[in-house]
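Sequence lines set the chain letters: A, B, ... in the order given, protein chains first and strands last, and positions in each chain run from 1.
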Amino acid sequence: MIGRYSLAMLAGASALLAAAVAARGGAAGQDDTHARSVAAFTVMDRVLTSPRCQNCHTLTQFPRQGDDRHPHRLNVVRGANGHGATAMACTTCHGRANNAASGVPGADEDWHLAPLSMGWEGFSPALRCAHLKDPTHNGGRNGAAIITHLGTNLVTWAWRPGKDAHGRPRTPPPVGYAAFKAAAATWVATGAACPVAVR
Amino acid sequence: MAHLTINGRAMTIDADPETPLLWVIREDAVLTGTKFGCGIAACGACTVHVDGAPVRSCSVPLAQVDGKSVTTIEGLSADRSHPLQTAWIAAQVPQCGYCQSGMIMAAAALLKAKPRPTDADIDAAITNLCRCGTYVRVRAAIHAAAGLA
């Protein structure tokens, strides 16, 4: 009797122990994945906060210009749909390629601002991350669509930003495009974790 | 080689694809109503329409207008009868006149999109620079033209 109880108890204990060991290994694995995801976002965030991105992902009724992010000169405004004012659209000056003669940047025949819902200037990294993966704030995109967006002309322009009207090269983001895209892919693949908000 | 129409006239332009449209208009088409003001799309003196939309031609390369239709100040009307031209003369808007062709082309694009613009619409759409300060008369003429159209 005692032996049987002992065997049963031993089997139960063994099962509990095995479960505990498995749980501990799973938790450690999850912690590692989470950390990798946050680390990947941290790399991405260095790009997202560069002037080349922030100047069009504004929360204002106007775009910004330059590394100092001053308001776009000459009363250029967002307009009703982010494409500029009626008869003074972004495309009045911005074309499908950087203009060496005038210094006006260009990348697409539909140069425009990101919608206000996709603005993130002044945000903390945690909030920026949360908005980046929130379909109500990222244009209804899932992970794959986010990656696709990163290949569009207006995004890739940031790494070939041309020169300004004074012939000075614009500063590209501090992370190369390939590394940025790889970080984004890792972030999405690892669950798009966000850094903890710091109060 | 680029193929475009300027004021309804088909043209083939053999020039560097990066040539600003402004110089194609002035030198190849010999239409000098469109002016050079700054060369950096800041002043609007070079405003023309490409496929009906206003652009600052100093910053539009020839390659970007291949196959497109360009309208300059000369093409706004055949006989200066466009409501803006009528209103501009009635209000005696220009002083030196240098910026005015671009100003009128910008206003024409605005009236096409918004036949009855408000002052706020005008403020947002007409960012052309006028060193003579004719802005008050520009605004009045736009309102008058909106009433004439």
Per-residue contact mode, B/A53 against chain A (heavy atom under 4.5 angstrom): neither
Heavy-atom proximity to chain A below 4.5 Å, by part of B/L129: side chain
Residue pair A/V104 / B/A41: nearest heavy atoms and the distance that separates them: CG2-CB, 3.8 Å
Heavy-atom closest pair, residues B/A109 and A/A87: C-CB, 3.6 Å
In terms of hydrophobic clustering (I, L, V, M, F, W, Y; side-chain heavy atoms under 4.5 Å; direct or indirect links), are [X] and [Y] co-clustered?
| X | Y | value |
| --- | --- | --- |
| A/L59 | A/F62 | no |
| B/L22 | B/L31 | no |
| A/V47 | A/F41 | yes |
| A/M118 | A/L150 | no |
| A/M88 | B/L111 | no |

Mind listing the donor-acceptor pairs under 3.5 Å that bridge chain B and chain A?
unit_1, atom_1, unit_2, atom_2, d
B/P54, O, A/T92, OG1, 3.2
B/R56, N, A/T92, O, 2.9
B/S59, O, A/N99, ND2, 2.8
B/S59, OG, A/S102, OG, 2.9
B/A63, O, A/R96, NH2, 2.8
B/Q64, OE1, A/R96, N, 3.3
B/D123, O, A/N75, ND2, 3.3

Side chain to side chain contact (heavy atoms under 4.5 Å, CB included) partners of B/V93, counting only residues at least two apart: B/W88, B/A91, B/Q100, B/T134, B/R137, B/V138, B/A141
Leading residue by heavy atom contact count with chain A [cutoff under 4.5 Å; candidates B/A63, B/P61, B/G44]: B/A63
Chain A contacts, top residue of B/V50, B/V60, B/V55, B/I126 (heavy-atom pairs, under 4.5 Å): B/V55
